[in-house]
Structures are given as structure tokens and as C-alpha cells.
Amino acid sequence: MISIIVPVYNASRYIEDCIRSVLSQSFTDWQLILVDDGSTDNSAELINNYLSDPRLKYIYKSNSGVTETRWQGLSKADGDLIMFLDADDMLAPGALDIVNDCFDNSIDILVFKMQSVVKSNQVMDVNDDYVCENIPGDRIIQLDMILSGKILSCVCGGAYRHSIISDCKDIFCNRLRIGEDTMFNLELATKKPLRIRTVSAELYAYRCNPESVTRSVNPAKFDAVKDAIDYLDKYALQNPDISSQLSGSKAFRKLLLWSTFMFNPDNQYYKCKSMRAEMRRLYFNAYTRLYPYLKIYIFIDLYISSWLSQKLINRK
């Protein structure tokens, strides 16, 4: 059985599309666990319309954030495999069939691709010509790929063997609001030897929702990004031997996080001289991994003129 965990918070606008994308799967041995993180809209009322299907389970809890909410669902899951689905996203048609076909006893995590959509009717069917490939078991290679954003940037991008994550509450519920999934997967791969397989199919439909937490810009988000940078520093201090072998990908991750301040400059962290000095030290170590547009903007900002970088960013 595949247990699919959906954290719900004021998701009335999209939750029915999310549920229907699971109900319409041709693979039927699944369990859908909807965990309501203290919604104040009519999400519960809409979910109630689908609870006649015994495969759906609804849990209400007081508000505590997405990681605690997902963990609550995980603690109630009966499936051998675990998937995470956000309330404003959807599974592509046939997604669970492919997960079931590609996941066997030789792996712990199946990583799949995502497709970006605006409306539910834009979700594309999955092509049959997908390819599976096993990631090397070397821990440093896996950690480097996670930090570099090549795999497992978010828990929604993979199917996990239940037993591999069921005892990991300490690293799953890390209280981060930005980058929490990357850090969980990084610490999971540090803690345990993992057998990871990728599949080229786009099984997950990510909705471009300007109202989502990861896309909104406010002072709390800047603090959340700084918390993520500090958490990565803490990880490096706790794992010095491993961290020393991840200098390039670690620099990339920190610069990627810092760029949030650069693209939204009205915050204390962008103006922090010591942080800017650190980013200058990291830049060339991360250079080959940075996205082309980031290479340009960050270089101009850190080495030439922050005024010029802002002019170019605003013009874009």
C-alpha cells in the first residue's frame, strides 16, 4: 500500500483538485491521509464530502506548521511506501502505477520529476518511455546531489520506504520554515545508508501558487531563510568530516538561500556586512553549480556594485 500524506491549511481553493487527482489513479491500493493544521476556512467541509471512501482519513490538529503536520500523518500511515502531497498540488494520472512498478525491495527512496502547472486541467499524462536509474550508494555523492538540488530538494519529490523514515522525527520535525525538506533529506542520508533510484517521469504536478509560503515575501520569510542558513552551519559543525567533502555544494546552497535577500533587498540580512563577506568567500567555490542568472547577479552584487545589481534585477 502507498500512504499519501497531505498537510492542509486553509486550502479550500485547491484541496478538491488534490483529492480528485488521487481518486482518479488507476492504481487503487493507496491510503490518503489529510491532516488539517488548524484551518479556519471551509477545508474540513470540502474534505468531508469525500470521506465515504474508506481509503481517506481526516485528522484535525491545532496549528503547528507543515513538518509537524506531515509527521502526524506519517504516524497514522499504514502503507509500506510513503508519499507527501501538498494540498495545492496534484498527482499526475498514472503516477501511482509508476511508483508501484519502479519501487522494489532493492531501494529505499524513489525520486521522480515534477511538472509545473497553474490550473488543474494543465496536468499532463505521464509518458510510457520513462527511464529508471540507481544513484550510486556512496554517501558523499548522495549528499552532494541533495545539497546541489539535483535530488530530494523536497519530500514531495520522492516515495519513501516507510521503515526508513519512521524513526526520524528528530530530523524530520526540524522546525525550519524554508529548506526544511532539503535539510531532512540531507540528515537522513547522513544518518543512514540509502538506496536511491530516480525515474524520469513527471509524476507530481506542482501548482504555481503565488499565495504559497515559499513564494510569499515578508519579514518572517527573511528570518526563515536566515534560520535555514544557520541550520546548515550547525550541520557542518556537527559533521566536520562529511562537511569538508561538500564544500562546493554547501556553498551553492548558502548562496542560493542568500539570493532571497538580494532579490528582495529591503531586509537587514542583505545589508549585513559580515554576511556579504562570507558570501564573497563562498562564491567561486559554488560557481560551477550556480544557475547562470545567479552567477551574474550575485557576482555583480558582491564584487562590483549592489546598486547596479538592483538596477538589473528591477529591469528584469
Side-chain angles (χ1 to χ4, degrees), residues 1-97 99-100 114-123 125 154-160 162 165-166 169 172-173 177 180-181 203-216:
M1 178 191 288
I2 302 174
S3 291
I4 304 159
I5 298 166
V6 180
V8 179
Y9 181 71
N10 290 348
S12 59
R13 185 175 177 183
Y14 302 116
I15 189 62
E16 290 189 283
D17 287 339
C18 176
I19 294 172
R20 288 169 185 157
S21 76
V22 179
L23 289 171
S24 63
Q25 295 290 312
S26 52
F27 179 85
T28 59
D29 189 18
W30 51 258
Q31 173 189 43
L32 181 61
I33 305 174
L34 300 129
V35 188
D36 191 335
D37 190 27
S39 294
T40 57
D41 65 358
N42 65 329
S43 294
E45 179 182 344
L46 295 173
I47 292 170
N48 188 61
N49 294 329
Y50 298 89
L51 295 182
S52 58
D53 189 320
R55 296 173 297 177
L56 272 68
K57 182 183 293 186
Y58 174 72
I59 301 168
Y60 182 87
K61 56 181 282 295
S62 58
N63 183 264
S64 62
V66 66
T67 55
E68 292 279 354
T69 302
R70 286 173 176 159
W71 188 263
Q72 180 81 5
L74 182 62
S75 68
K76 304 296 183 183
D78 299 318
D80 299 318
L81 303 185
I82 301 294
M83 293 176 65
F84 298 95
L85 175 62
D86 284 348
D88 52 353
D89 297 336
M90 294 154 285
L91 294 181
L96 297 186
D97 277 308
V99 169
N100 184 60
M114 294 185 171
Q115 51 180 288
S116 177
V117 301
V118 176
K119 299 179 180 179
S120 58
N121 60 8
Q122 296 174 329
V123 180
D125 291 345
C154 63
V155 294
C156 294
Y160 297 76
H162 192 166
I165 59 174
S166 60
K169 183 177 181 180
F172 191 92
C173 299
R177 294 163 291 163
E180 65 275 9
D181 293 353
L203 306 186
Y204 189 101
Y206 172 81
R207 193 191 298 267
C208 294
N209 175 15
E211 299 172 1
S212 71
V213 172
T214 54
R215 297 177 68 89
S216 61

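Nothing fancy with the numbering, it's 1 onward along the sequence.
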Any chance you could lay out the side-chain contact (heavy atoms from CB on, under 4.5 Å) test for L34 and I15, step after step, and finish with the verdict? CA-CA 10 Å; L34 300 129; I15 189 62; 3.8 Å; yes
Please step through side-chain hydrogen bond (donor to acceptor under 3.5 Å, both in side chains) for the pair Y9 and N63, ending with a clear verdict. CA-CA 8 Å; Y9 181 71; N63 183 264; 4.7 Å; no
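Once rounded to the nearest 0.5 Å, the distance linking OG1 of T67 with CG of L74 reads 12.0 Å.
Take D78 and apply the side chain to side chain donor-acceptor pair (under 3.5 Å) test, not counting sequence neighbours, and it matches Q31. For F84, the ring pair (Phe, Tyr, Trp, His ring centres under 6.0 Å) partners two or more places apart in sequence, or in a different chain, are F172. Taking the side chain to side chain donor-acceptor pair (under 3.5 Å) definition, one finds that S39 meets it with D36, sequence neighbours left out. Residues passing the side chain to side chain contact (heavy atoms under 4.5 Å, CB included) test with K61, sequence neighbours excluded: V35, D37, S64, T69, Q72. Residues passing the side chain to side chain contact (heavy atoms under 4.5 Å, CB included) test with V66 are P7, R70, E180, sequence neighbours excluded.
Between I19 and E16 there is no side-chain heavy-atom pair separated by less than 4.5 Å. The shortest side-chain heavy-atom distance between L56 and I47 does not fall under the 4.5 Å cut-off. Within the 4.5 Å cutoff, side-chain heavy atoms of I4 are placed close to those of L96. For the pair Y160/V155, a side-chain contact is recorded, criterion being any heavy-atom separation below 4.5 Å from C-beta on. Side-chain contact between C18 and V6: present, with at least one pair of heavy atoms (C-beta onward) separated by less than 4.5 Å.
Residue pairs meeting the ring-ring contact (aromatic ring centres under 6.0 Å, His included) criterion with at least one member in residues 33-53, sequence neighbours excluded, do not occur.
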